[in-house]
Amino acid sequence: MASLGAVRIATWNVNSLRSRIDRVEALVQRHDVDVLALQETKAREDQLPLMGLQALGYDVAVAGTNQWNGVAIISRVGLEDVQVGFDGMPGYGEPVAAESRAIGAVCGGVRVWSVYVPNGRKPDDPHYHYKLEWLRTLRAEAQQWLDADAVIVGDWNVAPRDEDVFDMAQFAKSTHVTPPERAAFQAFLDDGWVDVVRPHTPGPDVYTYWDYYRQRFERNRGLRIDFILGSPSAAARVHHAFIDIDERAGHGASDHAPVIADLDGG
DNA sequence: ATGGTAGAGTGTCTA
């Protein structure tokens, strides 16, 4: 029986779970996180150091792990009906089709999908077209969850608005901001998915990712590309959300910050 | 246009 207790859900592109397992364990304790979706775990399942998280009371599900990406869900409020999606797309051979994954599970009565949307590389690259098709496929799959308490969280590799980019001129010939990518993201909103974090973290100059180069974080030159989208019923339960900017500071940080949303009891 | 940093693993590839 799915409960409707309050749930704190976090998503974080951790950029290697092995190199930052101590930070992950600290994060879930510091913020009392119930469900943590991870992206870019960058390791095979048998390489992941999960004992510490299990000792803290978390169940773990991982998928699609290779040296470049991989996703996971860590939950202490149940981990049921685990499903893996997008482990190979028609028309795209390896390694392109192995690039990205999604993993979903029911945690505390909420269907949670951890997604790593393909990067796309360059607008004229096959990976870019793969990214758009991947988003189309995810959207079609996601529509069946709209009537439930559901969230799609992760690294979307799309900056939906100009204010989500520190300098649009620098992205004139780049992915993440092209009209087709933004339309693909907007299509989720048109379907009824709600960005539950932006109202609590209004821009401009509010980001979730800062490149390691050129002291981008220190100068707050970043992108907002990590999102928590909620179905209408899940979004109605969100009363608080924030970006853990401090996690991005200092030596040994991921290039992304964790994004966290609180759902009250239904 | 290029390069800058970081993580995977030894060759570069990826972001």
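Quick caveat, the model's predicted, so the values are computed rather than measured. Letters A, B, ... are given to chains in the order of the sequence lines, protein chains preceding strands, and every chain is numbered from 1.
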Chemist: Considering heavy-atom distances to DNA chain B, does A/Asp255 or A/Gln67 have its closest nucleotide positioned more toward the 5' end?
Modeler: A/Gln67
Chemist: B/dG9 and B/dG4: how far apart are their P atoms, nearest whole angstrom?
Modeler: 25 Å
Chemist: Within this structure, what is the NE2-to-C1' distance between A/His256 and B/dA6, rounded to whole angstrom?
Modeler: 12 Å
Chemist: For A/Gln170 and B/dT2, what is the distance between atoms CD and P respectively, to the nearest whole Å?
Modeler: 16 Å
Chemist: Tell whether A/Tyr213 reaches the base of B/dA15 with its side chain through a donor-acceptor pair below 3.5 angstrom.
Modeler: yes
Chemist: Could you tell me whether the side chains of A/Ser16 and A/Glu40 share a donor-acceptor contact shorter than 3.5 Å?
Modeler: no
Chemist: I need the NE2-P distance between A/His176 and B/dT14, as an integer number of Å.
Modeler: 15 Å
Chemist: In whole angstrom, give the distance that lies between atom CZ of A/Arg121 and atom P of B/dT12.
Modeler: 17 Å
Chemist: Using a cut-off of 4.0 Å on non-hydrogen atoms, how would the nucleic acid contact of A/Arg20 be classed: base, sugar-phosphate, or nothing?
Modeler: sugar-phosphate
Chemist: What's the NZ-C1' distance between A/Lys131 and B/dT14, to the nearest Å?
Modeler: 14 Å
Chemist: Closer than 4.0 Å, any side-chain N/O of A/Arg18 to the OP1 or OP2 of B/dA6?
Modeler: no
Chemist: Base, sugar-phosphate, or nothing: which does A/Gln47 touch, judged by heavy atoms less than 4.0 Å apart?
Modeler: sugar-phosphate
Chemist: Compute whether any side-chain donor of one residue and acceptor of the other, for A/Ser254 and A/Glu247, lie under 3.5 angstrom apart.
Modeler: no
Chemist: What's the NZ-C1' distance between A/Lys42 and B/dA15, to the nearest Å?
Modeler: 6 Å
Chemist: If we check side-chain hydrogen bond (donor to acceptor under 3.5 Å, both in side chains) with A/His256, which of these qualifies: A/Thr11, A/Asp226, A/Thr208?
Modeler: A/Asp226
Chemist: With a 6.0 Å cut-off on ring centres, are A/Phe227 and A/Trp193 close enough?
Modeler: no
Chemist: Given that A/Tyr212 and A/Arg44 both sit by DNA chain B, which one's nearest nucleotide is further toward the 5' end?
Modeler: A/Tyr212
Chemist: Can you name the side chain to side chain donor-acceptor pair (under 3.5 Å) partners of A/Asp246, sequence neighbours left out?
Modeler: none
Chemist: In whole angstroms, how far is the P atom of B/dT14 from the NZ atom of A/Lys122?
Modeler: 11 Å
Chemist: Measure from CG on A/Asn15 to P on B/dG9 and round the result to the nearest Å.
Modeler: 13 Å
Chemist: Would you measure the distance from the P atom in B/dA1 across to the matching atom in B/dT5 and give it in whole Å?
Modeler: 22 Å
Chemist: When the P atoms of B/dT2 and B/dA6 are considered, how many whole Å apart are they?
Modeler: 23 Å
